[in-house]
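Everything on this sheet refers to the single structure shown next.
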Amino acid sequence: IIFASIILTMGAAGWMGFEINNLTGMVPQFMIAIGIADSVHLLVTFFVFRKKGIQSKEAVRLSLVKNFRPTILTSFSTAFGFFSFASAGIAPISSMGIIAGFGALLAWLISYLLLGPLMLSLKYNPKESMQSNIKLTPSVGAYAVADLINKYRFLIVSFFILVSIFNIYYITKIEVDSDPVAYFDKS
């Protein structure tokens, strides 16, 4: 999944005429992280369903259905984050953003179109002894954190709105200077 995402993304970038530079050369590392995230979500859910005794074909279907919305939302938000670099006035940054954004969407598509059928070929049969060790309920600490967040939700949201406003103001103060000649002393 990961290698297919990298190969197709970088191949498409070359086909579209993007040059490889220091920043676009980092796209394969991004693709590794994105591809792993999509694949892990699908595989872990598949194995949980199999441990519950659900047959492989149904476990694959349930895994794909259960993870569809979270993975597609994550992939689109990641892609749009990268696509936002396209508005940069610096060509390598803009190119990296476009390639990585396209790659994030492509990684999701490959995960669903390729990993789904590959999971069907997995010969995984959980043992009975393993089923008794599965703990699928949240811990007491997780409930405590959820209760804390729920109790102070207005305060938390207000804090992040204020921090966002503060950051938006200071983002407008950033000056981009990409003149490499100015980095060196005149002597």
Shared hydrophobic cluster for Phe68 and Leu118 (ILVMFWY, side-chain gaps under 4.5 Å): yes
Side chain proximity check, Met10 to Ile20, heavy atoms < 4.5 angstrom: yes
Shared hydrophobic cluster for Ile54 and Val44 (ILVMFWY, side-chain gaps under 4.5 Å): no
Same cluster (ILVMFWY, side-chain, under 4.5 Å), Val65 and Val48: no
Minimal non-hydrogen separation, Phe46 against Ser56, with atom names: CE1-O, 3.7 Å
Derivation and outcome, side chain to side chain contact (heavy atoms under 4.5 Å, CB included), residues Phe80 and Phe83: CA-CA 5 Å; Phe80 288 137; Phe83 285 144; 4.0 Å; yes
Exercise: identify the closest heavy-atom pair between Gln55 and Arg50: CA-NH1, 3.6 Å
CG/Asn150: more than 12 non-hydrogen atoms of other groups inside 6.0 Å: yes
Approximate separation, where rounding is to 0.5 Å, of Ile2 CD1 and Met31 CE: 9.5 Å
Ile161-Leu155 co-clustered via ILVMFWY side chain contacts under 4.5 Å: no
Residues Asn67 and Thr45: side-chain donor-acceptor under 3.5 angstrom: yes
Distance, nearest 0.5 Å, that separates CD1 of Ile110 from CD1 of Ile6: 10.0 Å
Atom CZ of Phe76: over 12 foreign heavy atoms under 6.0 Å: no
Phe82 and Phe30 aromatic ring geometry - parallel, tilted or perpendicular at 30°/60° bounds: tilted
Distance in Å, Phe49 CZ paired with Leu62 CG, rounded so as to fall on 0.5 Å steps: 4.5 Å
Side chain to side chain contact (heavy atoms under 4.5 Å, CB included) between Ser95 and Glu19, intermediate numbers included: CA-CA 8 Å; Ser95 296; Glu19 294 181 9; over 6 Å; no
Intermediate values then yes/no, side chain to side chain contact (heavy atoms under 4.5 Å, CB included), Met16 and Ile99: CA-CA 10 Å; Met16 291 187 283; Ile99 296 168; 6.0 Å; no
Ser5 side, atom OG; Leu105 side, atom CG - distance, nearest 0.5 Å: 11.0 Å
Distance (rounded to the nearest 0.5 Å) between Tyr170 OH and Ile165 CD1: 13.5 Å
Shortest non-hydrogen contact between Ile72 and Trp108, atoms and distance: N-NE1, 3.5 Å
Spacing of Ile1 atom CD1 and Ser111 atom OG [to the nearest 0.5 Å]: 5.5 Å
Trp15 reachable from Phe18 in the ILVMFWY side-chain graph, under 4.5 Å edges: yes
